[in-house]
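Below is one structure; the comments refer to it alone.
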Protein chains: 2
Amino acid sequence: MASQSKVRYDSYIQENQLKSSKRRDLIFEHILQIQGHFTVDNIYQEISKIDRGIGIATIYRTVKLLVASGVLTEQTFGEKKGWFEIADQKLEHHDHMICTSCGKIIEFHNKVIESNTYQIAKTHRFIIYSHKLEIFGLCNTCQKQ
Amino acid sequence: MASQSKVRYDSYIQENQLKSSKRRDLIFEHILQIQGHFTVDNIYQEISKIDRGIGIATIYRTVKLLVASGVLTEQTFGEKKGWFEIADQKLEHHDHMICTSCGKIIEFHNKVIESNTYQIAKTHRFIIYSHKLEIFGLCNTCQKQ
DNA sequence: TTTAATTTTGATAATAATTATCATTATTAA
DNA sequence: TTAATAATGATAATTATTATCAAAATTAAA
Ligand SMILES: [Zn+2]
Ligand SMILES: [Zn+2]
Ligand SMILES: [Zn+2]
Ligand SMILES: [Zn+2]
């Protein structure tokens, strides 16, 4: 649901007494349409076609705001740059398998891993804010080549 | 055991017909003494005290060689820079809990998570090269403050 | 032990991703 | 309309890393 993201976005702006802006709204709306994972530069390239004159700094600022408000989550996928995606809408968290040959990303959810993650944190009296499991290797297609 | 790292280091140099060097050996020996996680800059600062005149490029080159030879593994811990540590010596893999308040890193190993990680990869016909689970949150000490 | 081929090195330039700065413009509430 | 404040684009600065290249070190052969 896009509405949950909208609530988070609006609430964040309200709670931090920010002003509204055309361009921030445009970036937010555009990001909601994206499926999958993207970088700041990805969105900059795409939005530049619609809104010439937009600066990349505004994309950085907005993406940061969207992460802070819980609309997006950030990953690195083993690289030293940010990869973003819409945050999970339900209670269900998902993790990633990244093919080091073609870059393909496979998403998965595993209840046993989830519960054990929470269990081990509890053992160490650690409060979880977030967690990510990344599996690197070869996807089925790349194995055959 | 330091010897397993030594074998990997020596083998890598031999197999790639590299020449030996005082400074690379010094960096390798120094890194073996380190316990825990470190950055390139950490080692550069430390080794500079012993070996004035060493260049940071040599540290970068050597650390990259040590990762390629299996002596070290690289992590990001949610940051956009490399964190390194001696690779696990036994079959047992370990993961990390990172306190976002004080930076403390807690290591753990969980057999159930491990086996489910391999199981889910198998389901997707994915060959695992490596995997990492990072848990971000508050350590026990920081919760009390 | 000289020589010659090749690797390693340090200094530094280049690159990539991101954040900071700052003058201008936009938004908002009075 | 105005006054206060936030948002913006251009661009400088920062951080982590890699690339370049001439000089020094290593190695095996002569
Ligand atoms: Zn692939
Ligand atoms: Zn995902
Ligand atoms: Zn802590
Ligand atoms: Zn560790």
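Every chain is numbered from 1, with letters handed out A, B, ... down the list of sequences.
- B:I56 comes within 4.0 angstrom of no nucleic acid atom, judged by non-hydrogen atoms across all strands.
- Between A:K80 and B:E79 there is no salt bridge, since no side-chain N of the basic residue sits under 4.0 Å from a carboxylate O of the acidic one.
- Going from atom CD1 of A:I47 over to atom P of D:dT8 covers 11 Å, rounded to whole Å.
- By the 30° and 60° cut-offs, the orientation of the rings of A:W83 relative to A:F77 is tilted.
- Taking the nucleotide of DNA chain D with the nearest heavy atom to each of B:E79 and B:R61, the more 5' of the two is matched to B:E79.
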Legend entry - Nucleotide-resolved protein contact map, nucleotides 22-30 of chain D, B/S/- at heavy-atom distance under 4.0 Å: ----BS---

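- A:K80 has no side-chain polar atom (N or O) that falls below the 4.0 Å cut-off from OP1 or OP2 of D:dT15.
- Between A:H124 and B:F108, the ring planes are tilted. Angles from 30° to 60° get that label.
- Between A:I59 atom CD1 and D:dA7 atom C1' the separation is 13 Å, expressed in whole Å.
- Surrounding CD of B:Q145 are more than 12 heavy atoms belonging to other residues, nucleotides or ligands, all under 6.0 Å away.
- Screening residues 42-61 of chain B for salt bridge (Lys or Arg N to Asp or Glu O under 4.0 Å) gives B:R23-B:D51 as the qualifying pairs, with residues at least two apart or on separate chains.
- Annotation for B:I54 and B:Y44: closest pair O-CE1, 3.5 Å, computed over non-hydrogen atoms.
- Distances shown here put every side-chain N or O of A:Y60 at or beyond 4.0 Å from the OP1 or OP2 atom of C:dT19.
- Considering only side-chain N and O atoms, B:K81 lies nowhere under 4.0 angstrom from the phosphate OP1 or OP2 of C:dA17.
- The residue among B:A57 and B:Q17 whose nearest nucleotide of DNA chain C lies closer to the 5′ end is B:Q17.
- For A:V40, the side-chain atoms get nearest to C:dT18 when compared with the rest of D:dA16, C:dT18, D:dT18.
- Atom-to-atom, OH of A:Y44 to P of C:dT18 comes out at 15 Å; the value is rounded to the nearest Å.
- Put simply, B:R24 has a side-chain N or O that comes within less than 4.0 Å of OP1 or OP2 on C:dT8.
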